[in-house]
Amino acid sequence: MKDTFKHKGMRQQLVTIVESKGIKDQQVLRAIGDIPRHLFMDSGFLDHAYQDKAFPIAADQTISQPYTVAFQTELLEVKPGDKILEIGTGSGYQTAVLCKLGAQVYTIERQNELFKKTSKFLPKLGFRPKKMIFGDGYIGLKEEAPFNGIIVTAGAPFVPKALLGQLAIGGRLVIPVGDDVQTMTLFVRKGNKEFEKHEFGEFRFVPLLEDKN
Ligand code: SAH
């Protein structure tokens, strides 16, 4: 597990690319510049780690494209100390970005293999989410609600009601909605039953699947 000057240099180029695509949040850009993405991928993909692309990880899943991670994180507007729920831990890269921003992170993964691997790996790099859960993200995490932010990192065929219900007032849900192609969607909770909805561009994610595996 090495992070060299070469990797750091490549990361700075990646930051420049992500910034040129429209990401403005300096904290988010700094997190991308700091986190050794190559360590989140299987060694065969080392050379690809700092391209702005999604890549395969274990269990037929993918590590999201850095631009997508940055875009979703920017929409979440994380402040230090915020309670954030992530659905789809995967490689843990997005989880690490949220930790870096000072959030208290709760993250759920439905694939047992990935769950086990990432739960061991993240603390080794110094990233400590509050809780990592093997479970089904469709139902959220009622016992820890309300959350200041919820981020779904898989394509949701519909917006799970449970997730909207677990937002604090003022809280933000960032979720890609759709089957083959997803529309990035932001819900802001304005009141008990009042939600503001904003839609952004199209993205492609692996699907949010029902139940755990
Ligand atoms: N945030 C991850 C993205 C991984 S891809 C990263 O940065 O690497 C999406 C992940 O969502 C996959 O690991 C997949 O297993 C997981 N997933 C799919 N459906 C889920 C569900 N219902 N609950 C929790 N995780 C789910």
Side-chain angles (χ1 to χ4, degrees), residues 11 14 18 23 28 31-32 34-42 45 48-76 78 84-101 103 105-122 125 127 129 131-142 144 147 149-164 166 173-182 184 203-213:
R11 269 206 298 284
L14 176 62
V18 169
I23 302 299
V28 173
I32 303 255
D34 281 347
I35 298 171
R37 186 172 187 254
H38 64 284
L39 300 180
F40 291 75
M41 298 163 62
D42 293 334
F45 292 120
H48 301 288
Y50 296 112
Q51 294 181 12
D52 188 27
K53 285 186 181 159
F55 270 103
I57 51 173
D60 283 339
Q61 301 304 318
T62 55
I63 178 170
S64 300
Q65 184 180 341
Y67 171 71
T68 305
V69 171
F71 192 86
Q72 287 197 278
T73 311
E74 187 168 75
L75 285 180
L76 260 188
V78 182
I84 305 287
L85 175 65
E86 178 193 22
I87 312 295
T89 316
S91 69
Y93 181 71
Q94 172 75 67
T95 320
V97 170
L98 295 169
C99 290
K100 192 92 199 170
L101 296 176
V105 185
Y106 297 78
T107 182
I108 308 180
E109 172 57 53
R110 74 171 278 284
Q111 271 277 351
N112 203 8
E113 182 190 342
L114 273 174
F115 164 74
K116 286 197 250 168
K117 189 173 167 188
T118 303
S119 313
K120 275 200 203 125
F121 169 72
L122 277 178
L125 279 193
F127 297 109
K131 266 192 197 163
M132 302 183 74
I133 296 123
F134 171 51
D136 177 9
Y138 273 99
I139 58 177
L141 196 60
K142 208 174 166 191
E144 296 290 352
F147 294 97
I150 301 179
I151 175 170
V152 179
T153 68
F158 59 89
V159 181
K161 279 224 172 69
L163 299 185
L164 287 171
Q166 291 174 21
L173 167 65
V174 178
I175 180 168
V177 186
D179 291 316
D180 297 336
V181 178
Q182 295 87 32
M184 193 61 74
F203 291 80
R204 274 174 203 273
F205 286 80
V206 294
L208 187 69
L209 299 171
E210 304 245 13
D211 213 352
K212 55 193 183 192
N213 184 354

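Ligands are counted one by one from 1 in listed order, and the atoms in each one are counted from 1 as well. What you see is a predicted model, and the numbers here were worked out from it, not measured in a lab. All values below were derived from every heavy atom in this structure, side-chain atoms included, with hydrogens, water molecules and symmetry-related copies excluded.
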Worksheet item: Any idea which atoms of ligand 1 are less than 4.0 Å away from a heavy-atom of S64?
Response: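 In order of number, 3 (C).
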Worksheet item: What are the atoms of ligand 1, with element, lying closer than 4.0 Å to any heavy atom of V206?
Response: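 Those atoms are 5 (S), 9 (C).
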Protein contact of [atom] - nearest heavy atom, named by residue and atom, plus distance:
atom: atom 11 (O) of ligand 1; value: G88 CA, 3.2 Å
atom: atom 5 (S) of ligand 1; value: T62 O, 3.2 Å
atom: atom 15 (O) of ligand 1; value: E109 OE2, 2.5 Å
atom: atom 23 (N) of ligand 1; value: G137 N, 2.8 Å

Discussion item. Given I32, which partner from the list Y93, Y67, Y50 fulfils the side-chain contact (heavy atoms from CB on, under 4.5 Å) test?
Written reply: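 The single option meeting the side-chain contact (heavy atoms from CB on, under 4.5 Å) with I32 is Y93.
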Item to complete: Could you say whether the N/O atoms of L209 and ligand 1 ever approach to under 3.5 Å?
Response: yes
Record the part of [X] in heavy-atom contact with ligand 1 below 4.0 Å; permitted values are side chain, backbone, both and neither.
X: T89; answer: backbone
X: E210; answer: neither
X: L114; answer: side chain
X: P207; answer: backbone
X: Q61; answer: side chain

Worksheet item: In Å and rounded to the nearest 0.5 Å, what is the CG to CG distance from L85 to L141?
Response: 6.0 Å
Item to complete: Would you please name every residue forming a side-chain contact (heavy atoms from CB on, under 4.5 Å) with A96, sequence neighbours left out?
Response: I35, F40, L122, F127
